[in-house]
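Below is one structure, written out as structure tokens; comments come after it.
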Amino acid sequence: MPEGPELFLTSQYINNMCGGLIFSGRVEKSQVSKNSDVPFESEEYLISATSRGKELKLTLTPVKWGNSPSCKEQDCGSQGPKGGQEPMGLIFRFGMSGSFKMTLAAEIPKHAHLRFYTKESPPRALCFVDVRRFGGWEVDGSWQPNRGPCVMLEYEKFRENVLKNLSDKAFNRPICEALLNQKFFNGIGNYLRAEILYRLKIPPFEEARTVLESLQHREQSSATTLSKKVKLKRENPDLLELCHMVPMEVVRQDGKGYNPDSSADSAAFEEWLQCYSVPGMNSLCDANGRTIWFQGEPGPLAPKGGKQRKKRSKTKADPEGSSPKVTKSGARKNLKTGTYQEAADGTRGRKKKGKPAQEKTEDAGGTSARNPNTRARRKAIASQESPAVVSVAESRKRRSSARKDTATAAAAPRSRRVKVK
DNA sequence: CGTCCACGTCTAC
DNA sequence: TAGACCTGGACGG
């Protein structure tokens, strides 16, 4: 569940579940986790949480610790009353799959890599669950220094940090890539960047500086009266305002954003998405291998066909032709399709790792042409929201066929929309 | 069964 | 700027 809104919602979940709850004992780490041990132990302690962009801080506070004024500087410097222990701050990053969950201690979920036990009678446990283990924690307690202000909770600072640093080379990048730079956009992730750019129909591969410089002007001139400015802002939010507002929309939705655990929530979330992974939208792989979803033109800095070839060549230097056989048509087949996607994506495919040689043949490429018709058609399909017009079955069928046409995965969200049906 | 894909960083060539 | 790091769901054959 990991972009800014999910981290924030998780902090609320923790505070709601743990307010007034007494935890006890030590903090337990799974055998498999490579993260550091958490050297905290207390007979009675409380847990609270806060978030900042894509980080979440847990504070463990021994009940007897600093609550009474007398205890403050005196005992605690060394040892608190109960063998005590000072409050500890833990910073979590969620990677691709981190989340927190409160369960019965007897029912610790799979992939729960850090566990905090309550003192209740059937004890419960607050668990940091992370299937892929890209997430982790630091006992240090301070926000990662190279990450910028939170787009949701420190909006003014966030905005200033961006506008005062437009000379930074980070803004040489396409706007879609800059939006993932946590030094400036702490909390924005892959679905948010797509949704944000989509609201303004900004081509994802327009240069970030170009897009953002235009905001400075607006900053000054523009409306005369204050009320006019306020109104203008509300009705025509600029890119940076949307970096705050769009994540806040997710928070306002009841469910928990990207949460695969709750089918109700995930259905609502998918319904909320206007662009990311939506059938009919275009998608391309950015320079970091991440898929950007968008509508309309990709923009001037879009990866060229050459780029895909590059990867290809890397694998094996043979641009076209040479190894026709290898083909692994399967793999490439997908890519193909005719949309921008395919055009660009040859590359994307994989960052495979472990296995060296492998096949890869890339090829497939020949067909890079992009087919506007196809795209348009898909879009149209996507837009038919009203069931009334088309039967569910029919619409489903069309979607799937569209998917097939485009061949690939890329274009089609495979599961998602289809699943929702 | 195998391939592709996923809400994100990190760090080594 | 490629991989590395991981698990598992959806698909295709």
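Residue numbers start from 1 in every chain, and the chains themselves are labelled A, B, ... in the order their sequence lines are given, proteins ahead of strands. Just so we're clear, the structure is a prediction, and the values are computed from it rather than from any experiment.
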Gap between atoms [atom1] and [atom2], on [X] and [N] respectively (whole Å):
| X | N | atom1 | atom2 | answer |
| --- | --- | --- | --- | --- |
| A:Phe92 | B:dT9 | CZ | P | 16 Å |
| A:Asp130 | B:dT9 | CG | C1' | 12 Å |
| A:Asp286 | B:dG8 | CG | P | 11 Å |
| A:Ile292 | B:dC5 | CD1 | P | 16 Å |
| A:Asn288 | B:dC10 | CG | P | 14 Å |
| A:Phe94 | B:dT9 | CZ | P | 12 Å |
| A:Lys169 | C:dT1 | NZ | P | 11 Å |
| A:Arg132 | B:dC10 | CZ | C1' | 14 Å |

Short side-chain N/O contact to [N] OP1/OP2 from [X], under 4.0 Å:
| X | N | value |
| --- | --- | --- |
| A:Gln182 | B:dC10 | no |
| A:Ser97 | C:dT7 | no |
| A:Lys110 | C:dG8 | yes |
| A:Arg290 | B:dC5 | no |
| A:Arg93 | B:dC10 | yes |

### Query
On a whole-Å scale, what distance lies between the P atoms belonging to C:dG9 and B:dT9?
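The answer is 24 Å between these two P atoms.
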### Between B:dC10 and C:dG8 - P atom distance, rounded Å
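To the nearest whole Å, 22 Å.
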Looking only at side-chain atoms of [X], point me to the closest of [options].
| X | options | result |
| --- | --- | --- |
| A:Phe134 | C:dC5, C:dT7, B:dT9 | C:dC5 |
| A:Asn190 | B:dG8, C:dT7, B:dT9 | B:dG8 |
| A:Arg173 | C:dT1, B:dT9, B:dA6 | C:dT1 |
| A:His111 | B:dA6, C:dG8, B:dT9 | C:dG8 |
| A:Arg133 | B:dT9, C:dT7, B:dA6 | C:dT7 |

### Task
List in chain and number order the residues that pass side chain to side chain contact (heavy atoms under 4.5 Å, CB included) with A:Glu154, two or more places apart in sequence or in another chain; answer none if no residue qualifies.
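In terms of side chain to side chain contact (heavy atoms under 4.5 Å, CB included), with neighbours along the sequence ignored, A:Glu154 is linked to A:Arg52, A:Pro149, A:Cys150, A:Lys157.
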### Task
Classify the nucleic acid contact of A:Glu177 as base, sugar-phosphate or nothing, counting any heavy atom under 4.0 Å across all strands shown.
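Contact class for A:Glu177: none.
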### Query
So what does A:Arg147 hit on the nucleic acid, given a heavy-atom distance under 4.0 Å: a base, only sugar-phosphate, or nothing?
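Result for A:Arg147 = sugar-phosphate.
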### Task
Report yes if the distance between the aromatic ring centroids of A:Phe171 and A:Phe184 is under 6.0 Å, otherwise no.
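Yes; A:Phe184 has its ring centre under 6.0 Å from that of A:Phe171.
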### Query
Can you tell me if A:Gln182 uses its side chain to pair, donor with acceptor, with the backbone of A:Gly187 under 3.5 Å?
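Present.
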### Query
Taking side chain as C-beta onward, heavy atoms only, is A:Leu56 less than 4.5 Å from A:Ile14?
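A:Leu56 vs A:Ile14: side chains touch.
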### Query
Do A:Tyr191 and A:Trp272 come close enough that some side-chain heavy atom pair is under 4.5 Å?
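Counting from C-beta outward, A:Tyr191 and A:Trp272 do come under 4.5 Å.
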### Task
Take A:Phe128 and A:Phe100 through the test ring pair (Phe, Tyr, Trp, His ring centres under 6.0 Å) and record every step on the way to the result.
CA-CA 5 Å; A:Phe128 175 62; A:Phe100 272 86; 5.3 Å; yes
#### Entry: Heavy-atom pair of closest approach, residues A:Arg132 and A:Ser97
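Minimum heavy-atom separation between A:Arg132 and A:Ser97: N-OG, 2.9 Å.
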### Query
Does atom NZ of A:Lys29 have more than 12 heavy-atom neighbours from other groups under 6.0 Å away?
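Yes.
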### Strand DNA chain B in bracket notation, Watson-Crick/G-U under 3.5 Å with | for pairs to another chain
||||||.|||||.
